[in-house]
Amino acid sequence: MKDTFKHKGMRQQLVEILKKKGIKDQNVLAAINKIPRHLFMDSGFIDHAYQDKAFPIAADQTISQPYTVAFQSELMQVKRGDKVLEIGTGSGYQTAVLLELGAKVYSIERQQELFKKTSKFLPKIGYRAKKLIFGDGYKGLEEEAPFKSIIVTAGAPFVPNPLLSQLEIGGRLVIPVGEDIQIMTLFIRKGPKEFEKHELGEFRFVPLLEDKN
Ligand code: SAH
């Protein structure tokens with residue numbers, strides 16, 4: 001699979017669309033401009049890879065819409081060297097964005113098929129997460145905590161407590177909360193028991209499911 005001039009041109013157009021929709025973070029836009037999103041999708045969908053849309057991947061899951069990826073990434077305010085946790089590795093596209101931003105990425109996926117596929121694929125195209133984990137993201141990753149930021153890329157019916165407690169002070173949790181429609185929610189940890197909460201609009205995700213499969 002290749003990355004051609006045509007793909008690069010389509011990516012630039014996608015970046016323009018994201019700017020028009022309000023994405024301002026230059027590092028996030030540069031990451032999206034760089035990452036060959038079409039390689040993260042099954043071949044039948046390659047023509048659609050640079051539309052601002054979610055698409056099916058393996059195991060009935062979806063690769064998130066680029067706008068959603070950009071919106072969540074912007075909220076995380078990633079700086080080079082930040083230790084970050086992602087819940088829902090999926091295709092690995094969001095993981096790649098975080099790696100482009102210079103983060104040390106730990107990412108958890110509960111679907112074994114996707115976990116295996118993405119674990120092989122990411123290093124093949126040069127993206128090396130610190131750790132990809134097959135497990136249940138509701139629990140977070142206690143042994144590597146605390147994290148500078150945590151992103152959840154599936155719709156959470158409630159906010160799992162371990163994710164809040166695994167944030168460092170000043171750390172940020174970006175999580176879509178809700179059953180059918182989710183409210184993008186940002187928690188900033190202000191102290192051991194103090195969290196600031198911001199609600200930032202409606203999104204739609206596949207559900208965050210309990211336990212691994
Ligand atoms: N970030 C992904 C989005 C994939 S969709 C991408 O860019 O492609 C959400 C993913 O979350 C799915 O792969 C799904 O299997 C996974 N998921 C759902 N519940 C989970 C849980 N409890 N722990 C870890 N992953 C979970």
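Values in this document were obtained by computation on a predicted structure and should not be read as measured data. Note that ligands are numbered from 1 as they come in the structure, with each ligand's atoms numbered from 1 the same way.
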- Query: Honestly, is K8 close enough over F5, meaning NZ or CZ under 6.0 Å from the six-membered ring centre and within 45° of the axis?
  - Reply: yes
- So, E144 and K83, do they make that salt bridge, N to O below 4.0 Å? yes
- Message: Heavy-atom contact check, 4.0 Å cutoff: does T89 meet ligand 1?
- Response: yes
- Query: Quick check: does any side chain N or O of H38 sit under 3.5 Å from a backbone N or O of K2, one acting as donor and the other as acceptor?
  - Reply: yes
- Message: My understanding is that we take every heavy atom of each candidate and find the minimum distance to atom 8 (O) of ligand 1. Doing that for G135, S64, S91, which one comes out nearest?
- Response: S91
- Query: Just distances here: any N/O of G137 and N/O of ligand 1 closer than 3.5 Å?
  - Reply: yes
- Does Y93 have its ring centroid less than 6.0 Å away from the ring centroid of Y127? no
- Query: When you measure from atom 12 (C) of ligand 1 to each heavy atom in Q72, Q61, K139, which option holds the nearest one?
  - Reply: Q61
- Got the closest protein heavy atom to atom 11 (O) of ligand 1, with its distance? G88 CA, 3.2 Å
- Mode of Q94 contact toward ligand 1 - side chain, backbone, both, neither (heavy atoms, under 4.0 Å): both
- Message: Under 4.0 Å, counting heavy atoms only: does P207 come that close to any atom of ligand 1?
- Response: yes
- Query: Does an N or O from T153, backbone or side chain, lie closer than 3.5 Å to an N or O of ligand 1?
  - Reply: yes
- So, for F40 and F121, is the gap between ring centers shorter than 6.0 Å? yes
- Item | L114 and ligand 1 - part of the residue with a heavy-atom distance under 4.0 Å | side chain
- Note on the structure: In terms of its nearest heavy atom to atom 15 (O) of ligand 1, the top option of E109, R110, E210 is E109
- Query: Can E86 be said to touch ligand 1, with heavy atoms closer than 4.0 Å?
  - Reply: yes
- Note on the structure: A student checking ligand 1 against T62 at a 4.0 Å heavy-atom cut-off should list atoms 3 (C), 4 (C), 5 (S), 8 (O)
